[in-house]
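Working notes, structure below.
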Amino acid sequence: MLEVAQIREHKDVYATALSKRNIDAVSLLDQVIVADETRRSSQAKLDEVLADSNKFSKKIGMFFKSGEVQKANLLKEKTAGLKEQSKTLQEQLNAASEELQSLLYQLPNIPHESVPEGNTDEDNVEVFRKGDIPALHDGAQPHWELAKKYDIIDFELGTKITGAGFPVFKGKGARLQRALISYFLDKNTAAGYTEYQVPHLVNETSGFGTGQLPDKEGQMYHVTEDDLYLIPTAEVPVTNMFRGDLRTHDELPITCTGYTPCFRREAGSYGAHVRGLNRLHQFDKVEIVRIEHPDRSAIALDEMVEHIKTILDELELPYRVLRLCGGDLGFTAHLTYDFEVFSTAQDRWLEISSVSNFLTFQANRLKLRFKDADGKNKLAHTLNGSSLALPRVLAGILENCQTPEGIKIPKVLVPYCGFEMID
RNA sequence: GGAGAAAUGGCAGAGUGGUCGAAUGCGGCAGUCUUGAAAACUGUUGAGGGUCACACCUCCGGGGGUUCGAAUCCCUCUUUCUCCGCCA
């Protein structure tokens with residue numbers, strides 16, 4: 001959620017920045033400013049009435065104390081009108097606040113100046129690329145064929161017990177999954193991130209805190225009986241751990257990592273691109289989250305990108321990093337880098353990580369603040385990224401590391417797996 | 001699931017109808033002392049809205065009510081603790 005005070009002061013800057021998202025935010029920003037003015041003037045009127053009313057109450061109290069009951073009763077009559085007024089004004093204020101709130105919920109975060117113009121993922125800008133795309137042997141296969149050939153993932157079995165998009169991992173496939181999770185967590189904790197295990201269901205307030213609600217209502221599984229949501233990413237429970245906090249500046253940064261399964265309804269997805277591990281309803285992911293001082297969040301984002309690069313370097317997978325364009329940028333994000341691994345057998349890039357800086361957008365909703373060196377309370381900056389999402393990394397390994405003899409496990413994973421080949 | 005108790009500032013913890021945004025302690029900040037630090041002592045220190053700045057308003061788990069007036073009384077929800085039951 002954008003900050004009203006900022007919108008008030010820098011409306012033009014905001015309008016220009018938001019235009020990169022290919023939306024015309026001018027009228028929405030104007031509405032926010034009007035709604036805010038209405039809210040403030042309602043508040044001022046109400047405050048005045050309440051101030052009068054407080055004065056009367058104090059006097060009444062004093063009259064009762066001194067035994068001047070008649071005077072007290074006389075004043076009591078006067079307060080009746082004030083009470084009516086305050087009730088009406090309170091209703092006006094509530095309406096104005098709700099109006100303002102709903103307008104603010106409609107405004108996405110402002111893109112960073114480096115965010116490229118563009119509408120779709122085709123307009124994203126590649127900023128880094130590394131690793132050789134291997135020349136595969138004849139008869140090389142896409143990962144879903146390999147999964148079947150080596151009997152390590154059973155998609156049909158998952159369909160039987162749940163539905164499409166819920167694969168069953170088996171034998172060395174299951175072991176490789178566990179190895180990847182451990183390896184990622186070890187890399188993250190070695191880089192200073194504290195490991196957490198968090199709930200996989202969250203309440204509505206948490207959904208609003210990180211911005212999944214109301215924007216992505218339909219993308220989350222909703223357990224209506226208990227009004228809980230299955231998490232679409234660990235970002236939600238991990239970031240919400242700090243909801244409402246007031247920290248001191250020397251507590252920052254706070255850096256967390258956690259493994260969770262992620263659940264996404266993926267309503268509207270279909271076709272060849274969802275085949276195999278490409279798009280699932282349930283998948284595993286290791287996430288990193290940082291709570292940063294505003295002065296440091298830009299650097300922190302770079303650090304996160306560099307950190308993820310080292311993981312992919314070690315895995316020896318061909319990958320690239322993209323800076324997302326305005327049209328592809330998530331609702332809550334200010335600047336996002338996507339990591340993609342090359343799927344050789346499919347001849348396409350697969351997104352395996354998304355690393356973003358949210359500035360105060362989430363913190364404003366979360367009321368996540370810190371006391372700065374100057375003694376002032378300020379909103380913190382939040383960032384997060386996948387480090388990494390499992391299925392497509394697995395797809396990348398299966399496809400890029402396939403040999404006529406079997407799948408050759410990247411060296412760094414061998415100690416975690418306990419085997420060198422899937423054959 | 002049943003019975004009882006509780007929820008107060010960064011933390012601990014008093015406060016049962018008005019002068020309470022709230023004692024006290026810890027922590028934080030500033031100062032005195034010290035070569036420096038610690039200790040001790042003194043002062044200061046909740047959050048949000050509002051204002052150029054004041055004033056002023058709101059907030060004692062959430063929501064609603066009683067009252068001229070609520071941290072305090074009533075209703076309700078949530079959470080925590082204790083006891084019982086059940087159980088991975």
Side-chain angles (χ1 to χ4, degrees), chain A residues 1-9 32-101 103-104 197-209 213 223-229 237 240-254 291 293 360 362-380:
Chain A
M1 195 161 65
L2 297 174
E3 298 168 71
V4 183
Q6 296 294 320
I7 293 176
R8 242 192 294 169
E9 278 176 46
V32 164
I33 289 168
V34 170
D36 180 53
E37 273 165 13
T38 309
R39 201 214 89 235
R40 279 186 295 154
S41 67
S42 309
Q43 176 91 61
K45 280 185 215 154
L46 174 64
D47 286 357
E48 235 172 89
V49 173
L50 289 175
D52 284 347
S53 165
N54 285 343
K55 273 182 212 146
F56 278 122
S57 292
K58 280 208 175 102
K59 273 189 196 162
I60 290 168
M62 278 156 65
F63 281 137
F64 272 125
K65 271 250 155 87
S66 61
E68 296 168 276
V69 179
Q70 259 188 336
K71 281 187 179 173
N73 285 332
L74 218 68
L75 275 184
K76 266 201 201 180
E77 285 168 28
K78 283 193 178 178
T79 60
L82 289 176
K83 220 178 173 185
E84 278 301 311
Q85 277 185 55
S86 76
K87 205 174 172 185
T88 313
L89 289 169
Q90 182 69 59
E91 278 163 14
Q92 278 176 25
L93 174 61
N94 291 347
S97 301
E98 273 171 40
E99 165 74 7
L100 178 62
Q101 183 79 338
L103 287 168
L104 286 171
Q197 285 199 15
V198 293
H200 301 164
L201 280 86
V202 294
N203 57 31
E204 193 181 37
T205 310
S206 294
F208 273 95
L213 294 174
V223 183
T224 52
E225 192 170 3
D226 297 294
D227 201 16
L228 297 173
Y229 294 84
N240 271 280
M241 293 196 294
F242 307 99
R243 170 155 41 86
D245 281 10
L246 176 59
R247 303 287 178 142
T248 56
H249 62 93
D250 54 10
E251 285 181 82
L252 303 180
I254 299 168
I291 318 293
H293 189 287
T360 60
Q362 290 184 325
N364 191 27
R365 289 192 182 190
L366 294 160
K367 295 287 167 279
L368 166 48
R369 296 161 303 156
F370 68 99
K371 198 173 278 293
D372 208 350
D374 61 9
K376 295 235 170 72
N377 297 331
K378 297 174 184 168
L379 290 169

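Remember, it's a predicted structure, so these values are computed and weren't measured experimentally. Chain A is the first sequence line, chain B the second, and so forth, proteins listed ahead of strands; every chain is numbered from 1.
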Please report, to 0.1 Å, the donor-acceptor pairs under 3.5 Å made by any side chain of residues 80-90 of chain A, with sequence neighbours excluded.
unit_1, atom_1, unit_2, atom_2, d
A/Ser86, OG, A/Lys83, O, 3.0
A/Thr88, OG1, A/Glu84, O, 3.0
A/Gln90, NE2, A/Asn94, OD1, 3.1

Subject >> Residue list, side-chain contact (heavy atoms from CB on, under 4.5 Å) with A/Leu74, at least two apart or on another chain >> reply: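 A/Leu74: no side-chain contact (heavy atoms from CB on, under 4.5 Å) contacts found.
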
**OP:** Check side-chain contact (heavy atoms from CB on, under 4.5 Å) between A/Lys78 and all other residues, then give those that pass, not counting sequence neighbours.
**Re:**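 Only A/Phe56, A/Leu75 meet the side-chain contact (heavy atoms from CB on, under 4.5 Å) criterion with A/Lys78.
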
Tell which nucleotide pairs with [N], taking only Watson-Crick or G-U wobble pairs whose two distances are both under 3.5 angstrom.
N     : answer
B/C29 : B/G43
B/A5  : B/U80
B/A23 : none
B/G85 : none
B/U16 : none

Kindly point out which of [options] is positioned nearest to the side chain of [X]?
X        : options             : value
A/Lys371 : B/G50, B/C68, B/A47 : B/A47
A/Arg39  : B/G50, B/C68, B/G48 : B/G50
A/Lys83  : B/G50, B/A47, B/C68 : B/C68

**OP:** Determine the contact category for A/Arg247: base if any of its heavy atoms lies under 4.0 Å from a base atom, sugar-phosphate if only primed atoms, P, OP1 or OP2 are that close, otherwise nothing.
**Re:**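 Counting heavy atoms under 4.0 Å across all strands, no contact is made by A/Arg247.
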
**OP:** For A/Thr79, answer base if it contacts any base atom (sugar-phosphate contacts may also be present), sugar-phosphate if it contacts only those atoms, and nothing otherwise; contact means non-hydrogen atoms under 4.0 Å.
**Re:**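 Contact class for A/Thr79: sugar-phosphate only.
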
Original post:
Are the side chains of A/Lys76 and A/Ile60 in touch, meaning some heavy atoms are under 4.5 Å apart?
Top reply: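 A side-chain contact exists here, since the closest heavy-atom pair is under 4.5 Å.
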
Original post:
So do the side chains of A/Val32 and A/Leu104 get within less than 4.5 Å of each other, counting heavy atoms only?
Top reply: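 Heavy-atom side-chain distance check passes, below 4.5 Å.
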
For atom [atom1] of [X] and atom [atom2] of [N], their distance in whole Å:
X        : N     : atom1 : atom2 : result
A/Asp245 : B/G9  : CG    : C1'   : 15 Å
A/Asp372 : B/U45 : CG    : P     : 20 Å
A/Lys59  : B/U67 : NZ    : C1'   : 20 Å
A/Leu82  : B/U67 : CG    : P     : 16 Å
A/Asp227 : B/C77 : CG    : P     : 16 Å
A/Glu84  : B/U67 : CD    : C1'   : 15 Å
A/Glu204 : B/G62 : CD    : P     : 18 Å
A/Asp36  : B/G48 : CG    : C1'   : 14 Å

Subject >> Non-neighbouring partners of A/Asp52 that pass side chain to side chain donor-acceptor pair (under 3.5 Å), sequence neighbours left out >> reply: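 Scan of A/Asp52 (side chain to side chain donor-acceptor pair (under 3.5 Å), adjacent residues dropped) gives none.
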
Subject >> Nearest-nucleotide 5' precedence on RNA chain B, A/Phe56 against A/Lys87 >> reply: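 So the residue in question is A/Lys87.
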
Original post:
Mapping A/Lys58 and A/Leu75 onto RNA chain B by nearest heavy atom, which one lands closer to the 5' end?
Top reply: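 First, find each residue's nearest nucleotide; the 5'-ward one identifies A/Lys58.
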
Original post:
Can you list the steps and then say if A/Phe370 with A/Glu251 is a side-chain contact (heavy atoms from CB on, under 4.5 Å)?
Top reply: CA-CA 9 Å; A/Phe370 68 99; A/Glu251 285 181 82; over 6 Å; no

**OP:** Would you tell me if any nitrogen or oxygen in the side chain of A/Arg369 comes within less than 4.0 Å of OP1 or OP2 on B/G46?
**Re:**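 Checking B/G46 against A/Arg369, no side-chain N or O comes under 4.0 Å of OP1 or OP2.
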
Original post:
Taking only side-chain nitrogens and oxygens of A/Asn377, does any of them come within less than 4.0 Å of OP1 or OP2 of B/A47?
Top reply: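 A/Asn377 to B/A47 OP1/OP2: side-chain N or O found under 4.0 Å.
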
What protein N or O atoms touch nucleotides 56-58 of chain B N or O atoms at under 3.5 angstrom, if any, and at what distances?
unit_1, atom_1, unit_2, atom_2, d
B/C57, OP1, A/Asn54, ND2, 3.0
B/C57, O2', A/Asp47, OD1, 2.7

Atom pairs and distances, donor-acceptor, side-chain atoms in residues 34-47 of chain A, under 3.5 Å, two or more places apart:
unit_1, atom_1, unit_2, atom_2, d
A/Asp36, OD1, A/Arg39, NH1, 3.0
A/Asp36, OD2, A/Arg8, NE, 3.1
A/Asp36, OD2, A/Arg40, NE, 3.3
A/Thr38, OG1, A/Val34, O, 2.9
A/Ser41, OG, A/Glu37, O, 3.3
A/Ser41, OG, A/Thr38, O, 3.1
A/Ser42, OG, A/Thr38, O, 2.7
A/Gln43, NE2, A/Asp47, OD1, 3.2

